[in-house]
Amino acid sequence: SCAVLITSNGHNRSLVANLAAAECFTKDHLDDPEVSKIVANAEIYYSSGFFLTVSIETIMEVAQVAHRRNKYFMMNLSAPFLPIYYKKQMMQAMPYVDILFGNETEALAFAKENNFEISDMKEIALKMTTLPKENPNRPRVVIITQGTLPVIVAKGN
């Protein structure tokens, strides 16, 4: 669950997440027959970046299933602290990410932590598309929101 506060026609925004039971999630959950069937038959796979703090093993299992089945795997950067404190986990999952979502503060944190040495949002989005990818036949799409400014969408180069 989360609470979102938007003021000044979208110029100011804040999100507070309550991960609650998600913090207890383990890869064993995927072994449940009902869950296993859902994972095996999904058309699209998505993980919040917050899940990097809980179970990278689960993210990797689902990402690899998506890859084997040639289905889309999507992830959200979720918060500026994640590329800093969970960089290893994020970069472990990144090769499987077909569509990456984030906002401008998350993208800047990601760029800084990965030594992009750029701060222009369009350049950051393009650079993110060129990170190593398991499925080279499907270019990565990066979508960066910027509050009241236009959304940036980058694909491949």
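Please read all numbers here as calculations on a predicted model, not as lab measurements.
Put simply, V141 and Y96 are part of two different groups of oily side chains (I, L, V, M, F, W, Y) that touch within less than 4.5 Å, one to the next. Y72 and L77 are members of different hydrophobic clusters when ILVMFWY side chains are connected at heavy-atom separations under 4.5 Å. In the hydrophobic clustering of this structure, M75 does not group with L126; members are Ile, Leu, Val, Met, Phe, Trp, Tyr whose side-chain heavy atoms approach within less than 4.5 Å, directly or through other members. When hydrophobic clusters are built by joining Ile, Leu, Val, Met, Phe, Trp and Tyr residues whose side-chain heavy atoms come closer than 4.5 Å, directly or via intermediates, Y46 is not grouped with F25. Put simply, V39 and M74 are part of two different groups of oily side chains (I, L, V, M, F, W, Y) that touch within less than 4.5 Å, one to the next.
L108 places none of its side-chain heavy atoms less than 4.5 Å from the side chain of P80. Between K127 and F110 the shortest side-chain heavy-atom distance does not fall below 4.5 Å. Between T58 and H29 the shortest side-chain heavy-atom distance does not fall below 4.5 Å.
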Q: Start with the C-alpha distance between I84 and K112, add both sets of side-chain angles, then the distance that settles side chain to side chain contact (heavy atoms under 4.5 Å, CB included), and finish with yes or no.
A: CA-CA 9 Å; I84 299 167; K112 183 177 180 183; over 6 Å; no
Q: Just do the side chain to side chain contact (heavy atoms under 4.5 Å, CB included) check on F73 and S47 with the steps written out, would you?
A: CA-CA 8 Å; F73 179 74; S47 177; 4.1 Å; yes
Q | Test log, rule side chain to side chain contact (heavy atoms under 4.5 Å, CB included), inputs L30 and S36 | A | CA-CA 5 Å; L30 299 179; S36 181; over 6 Å; no
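Annotation: the span from M60 atom CE to Q89 atom CD amounts to 11.0 Å, rounded to 0.5 Å. Atom CD1 of I99 and atom CG of N76 lie 12.0 Å apart (nearest 0.5 Å). In this structure, CE on M121 lies 6.5 Å from CD on E104, to the nearest 0.5 angstrom. Distance CG/L52 to OH/Y86: 9.0 Å, rounded to 0.5 Å. E134 CD to M94 CE: the interatomic distance, rounded to the nearest 0.5 Å, is 13.0 Å. To the nearest 0.5 Å, the span separating CG on N70 from CG on N137 amounts to 8.0 Å.
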Can you give the donor-acceptor pairs under 3.5 Å from side chains of residues 142-155 to other protein atoms, not counting sequence neighbours?
unit_1, atom_1, unit_2, atom_2, d
Q146, NE2, P150, O, 2.7

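Looking at R138, its side chain does come within 3.5 Å of a backbone N or O of K71 through a donor-acceptor pair. A donor-acceptor pair under 3.5 Å links the side-chain atoms of K87 to the main chain of E113, judged by distance alone. Looking only at distances, no side-chain donor or acceptor of Y45 sits under 3.5 Å from a matching main-chain atom of I59. At distances below 3.5 Å, at least one donor-acceptor pair connects side-chain atoms of E106 with backbone N or O atoms of A79. In terms of modelled atom types and a separation under 3.5 Å, the side chain of N114 and the main chain of F116 share no donor-acceptor contact. Of the possible polar contacts, one joining the R69 side chain to the A42 backbone as a donor-acceptor pair under 3.5 Å is found.
Nearest heavy atom pair, residue T129 against residue R140, reads CG2-O, 3.6 Å. The heavy-atom pair separating F50 from T53 by the smallest distance is O-OG1, 2.7 Å. The minimum heavy-atom distance linking A93 with I56 is given by the pair CB-CD1, 4.4 Å.
S55 and T26 share no side-chain donor-acceptor pair at under 3.5 Å.
The residues K133 and D98 are annotated as salt-bridged, a charged nitrogen and a carboxylate oxygen being separated by less than 4.0 angstrom.
Within 6.0 Å of CG in N9 there are 12 or fewer heavy atoms belonging to other residues, nucleotides or ligands.
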